[in-house]
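Ligands are counted one by one from 1 in listed order, and the atoms in each one are counted from 1 as well.
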Amino acid sequence: MSVLSGKKIVLGISGGIAAYKTATLVRLFIKAGAHVQVIMTPASKDFVTPLTLSTLSKNPVYSTFYNEEDADAQWNNHVELGLWADLMIIAPATANTLSKMANGTCDNLLIATYLSAKCPVYFAPAMDLDMYIHPSTLASFAALTQFGNIIIPAENGELASGLSGQGRMAEPENIVAFLEADLESKLPLKGKKILITAGPTYEAIDPVRFIGNHSSGKMGFDIAQSAANLGASVTLISGPSHFTINHNLVNVVRVVSAQDMYDACHQYFEDTDVAIAAAAVADYRPKIVADQKIKKSEDNFFIELEKTKDILASMGAIKKNQFLIGFALETENEIENAKLKIQKKNLDLIVLNSLQDAGAGFGKPTNKITFIDKDFVVEPMELKSKEAVADDILNKVIAHYA
Ligand code: CTP
């Protein structure tokens, strides 16, 4: 999945011949899963039509502060557009537009939006080779870079003038690759290895029967997704769950029993930075697993159970620098029991679920948690979607490394 997925992008187009390539650029942004709003300078409309860009971006295209031909004309709010954006890119950025950006010459909607935007701003210059190295252009680059804006350098090649040199706007594919690489390099969990357990475990009784539980695995999968979106390399060790995840930073290891999960966790734990145990691991398993299907005969049938290994506690016992997060599902004396678990399992943080909270627990899309850290600081959270809870948990990890 592209790091641009779900990102809100304002694309500002200024009036150079390379504007025709922005149709492809918008198409690539949409394909990557981004939301795109296009703002055009009046001059750019000579090179590519608003209709093309509106069709591709699936949004209206803005160019002026209001539409003069529309009797009910509404103000196109540049502040709203600027604040909506997760990132803004000006492509092509002509010498004229770059100079206006550098000097705050606010005479069109694009510049007004640029001045209102608080997000990262990228610009992809496009001009003839001598214009590209003119001291005035270089001064614009320097000013904009100093503002924190990021240049996507022009490429070498044949120019519209017939001359050859540096000045061609970077190809749309290269612009997307540049943005992805830049955003990925700045992700807060970039380079961190995170081990996550998820789902139930099944403990075999015989070849066709097992003892299991109602955990769907959703919480663990949501944590894995959120961690990968933040740049972490994730190993997700999941018991039987119908959820899947498709992210190049997530390695899913499917297991069945508590013992399988234990073995898989210990294969990865030493080389991990953070471990989050969201699985609902069976506490007991049948002591003897029948080789053949058990036939019904007696009226009453007993299965002797033995304890499974506590995976989380076993990681706590050997942890060095790992940041270890466990879950606790409690029905009474919640806070006290959770604090005991922090000590017993040597945790850095526990995520407490109380079954007394409506909307929390197995099979629900929402969760209501309380964080308790190893210093016993208690932080109750609101009822939220499990995705939002996953984000909260990862924010604790980010704060730990801050
Ligand atoms: N856990 C584990 N291995 C087990 C049992 C639990 O890794 N064999 C982990 C869970 O993934 C969870 C945490 O331990 O992160 C707490 O599980 P919970 O069921 O709340 O508590 P238990 O320690 O099993 O104690 P009890 O059932 O007595 O409350």
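With a 4.5 Å cut-off on side-chain heavy atoms, F123 and T97 do not count as touching.
Checked by atom type, the side-chain pair E203/T201 shows a donor-acceptor distance below 3.5 Å. With no hydrogens or angles considered, no side-chain donor-acceptor pair links N229 and S226 at under 3.5 Å.
K345 counts as a contact of ligand 1, since one of its heavy atoms falls under 4.0 Å from the ligand.
A salt bridge between K307 and D283 is absent, with no side-chain N of the basic residue lying under 4.0 Å from a carboxylate O of the acidic one. No salt bridge links E334 with K339; every basic N to acidic carboxylate O contact stays at or beyond 4.0 Å.
Among the atoms of L312, some N or O lies under 3.5 angstrom from an N or O of ligand 1. No N or O atom of G326 sits closer than 3.5 Å to an N or O atom of ligand 1. In terms of polar-atom proximity, V281 is not counted as a contact of ligand 1, lacking any N or O under 3.5 Å from an N or O of the ligand. Considering both main-chain and side-chain atoms, I311 comes within under 3.5 Å of ligand 1 through a nitrogen or oxygen pair. When only interatomic distances are considered, the shortest N/O to N/O separation between K309 and ligand 1 falls below 3.5 Å.
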Salt bridge (charged side-chain N to carboxylate O under 4.0 Å, His left out), that's the test. Do D182 and K186 meet it? Break it down for me.
CA-CA 7 Å; D182 191 63; K186 290 172 182 160; 2.7 Å; yes
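Given atom 16 (C) of ligand 1, the protein heavy atom at minimum distance is F327 O, 2.7 Å. For atom 18 (P) of ligand 1, the closest non-hydrogen atom on the protein side is K341 NZ, 3.6 Å.
Nearest to atom 10 (C) of ligand 1 by heavy atom, out of A258, A279, A198, is A279.
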